[in-house]
Amino acid sequence: MKLLSDKGYVKSQRPLGTKVIAAKEPKKQTLGLSSVNDLVQLTAGSKQMITSIQDVLADEDLATEIGCPIGRAWKKVELLRWLSDSVGAPSMLSRLWINPIYGRVTDGLHLNKILPVKSPFIEQIETLFGEKAVEIRQNIGAVLIDGELAKALHVPECAPGLRIQRWVVSRKGDLIFYSDATYNGGTFTYQTTLRLSE
């Protein structure tokens, strides 16, 4: 039963018992990255729905999370993304805090419509402002998805998820944007390639 549960065929819930939730093992999406270009290519092949765009000021919690002063202005974008052709349950929910210098990158975005991603924000900022990202710092960790996040990703409460935080930095060392994304851990894996220098 544990093996079937681990593979996503059945789900045990007290006091209801065990029920079959899939006739075959869920197809997993694999995110494989070894460079900024890989990140651009991955995003460009997906679909997304922007759910909100707003101007915000960093409170104490956000300032600590991002590593910025309290009261710092940001353009906050929240979106759902599908990494495959399917438009069933989304693969991830992402929140981005974009440096307001580059806030114009959100002009013309449509809210609450599922659309193909023509190019990711990192590429649009380079095109519009000539500001190239030279470094992306990442934190990756396991989370339990619950509350509004579970509803948005169409997963049960306390489903396994993967949280990926990214700090995208310019050649001047300025933060272009910070993103905090949660991926559905039942259908998603993260793969990296590390190359040793000679």
>> Apply side-chain contact (heavy atoms from CB on, under 4.5 Å) to residues L79 and F121 and explain how you reach the verdict.
In response: CA-CA 12 Å; L79 60 90; F121 287 111; 4.0 Å; yes
> Given the rule in the side-chain contact (heavy atoms from CB on, under 4.5 Å) test, do V169 and I136 qualify, once you have shown the distances and angles that lead to the verdict?
Replying inline: CA-CA 6 Å; V169 180; I136 298 176; over 6 Å; no
>> With side-chain contact (heavy atoms from CB on, under 4.5 Å) as the criterion, how do W167 and L175 come out once you've worked through the C-alpha distance, each side chain's angles and the decisive distance to 0.1 Å?
In response: CA-CA 7 Å; W167 290 260; L175 188 62; 3.8 Å; yes
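With hydrophobic clusters built from ILVMFWY side chains whose heavy atoms lie under 4.5 angstrom apart, I50 shares a cluster with Y102. V77 and V56 are assigned to two separate hydrophobic clusters, defined by single-linkage of ILVMFWY side chains at heavy-atom distances under 4.5 Å. Following chains of ILVMFWY side-chain contacts shorter than 4.5 Å, one can reach V168 starting from I53, so the two form part of one hydrophobic cluster.
Distance check: Q165 CD to I66 CD1 gives 10.0 Å after rounding to the nearest 0.5 Å. Atom CE of M49 sits about 9.5 Å away from atom CG of L111, to the nearest 0.5 Å. Taking CD1 from I101 and CZ from F177, the interatomic distance works out to 14.5 Å, rounded to the nearest 0.5 Å. For the atom pair NZ of K132 and CD1 of I125, the computed distance is 13.0 Å after rounding to the nearest 0.5 Å. Here the CG-OG distance, from L109 to S52, works out to 11.5 Å after rounding to the nearest 0.5 Å. Here OG1 of T106 is found 9.5 Å from CD of Q124. Values are rounded to the nearest 0.5 Å.
Between the side chain of D146 and the main chain of C158, no donor-acceptor pair closer than 3.5 Å is present. Using modelled atom types, one side-chain atom of T51 and one backbone atom of E78 make a donor-acceptor pair closer than 3.5 Å. Listed for the S170 side chain is a donor-acceptor partner under 3.5 Å among the backbone atoms of D174. Side-chain atoms of W82 do not come within 3.5 Å of backbone N or O of Q48 as any donor-acceptor pair.
Counting heavy atoms from C-beta on, the side chains of I70 and D59 never come closer than 4.5 Å. Between I122 and I176, every side-chain heavy-atom pair lies at or beyond the 4.5 Å cut-off. Side-chain contact check for L162 versus T182: every heavy-atom pair is 4.5 Å or farther apart. For the pair W97/K75, no side-chain contact is recorded, criterion being any heavy-atom separation below 4.5 Å from C-beta on. Between V117 and K47, every side-chain heavy-atom pair lies at or beyond the 4.5 Å cut-off. Between N99 and R72, some side-chain heavy-atom pair lies under the 4.5 Å cut-off. With a 4.5 Å cut-off on side-chain heavy atoms, L93 and L149 count as touching. Counting heavy atoms from C-beta outward, I98 and W74 have side chains that stay 4.5 Å or more apart.
The heavy-atom pair separating G147 from E157 by the smallest distance is N-OE2, 3.1 Å. Residues A58 and P69 approach most closely at CB-O, 4.0 Å, considering heavy atoms. The nearest pair of heavy atoms linking A152 to P90 is O-CG, 3.3 Å. Shown here for P100 and A73, the closest heavy-atom pair between the two residues is CD-O, 3.2 Å.
No salt bridge links E135 with R171; every basic N to acidic carboxylate O contact stays at or beyond 4.0 Å. Using a 4.0 Å cut-off between charged nitrogen and carboxylate oxygen, D180 and R163 count as a salt-bridge pair.
Counted by atom type alone, Y178 and E65 present one or more donor-acceptor pairs between their side chains at under 3.5 Å.
Within 6.0 Å of the CD atom in Q54, the count of heavy atoms belonging to other residues, nucleotides or ligands exceeds 12.
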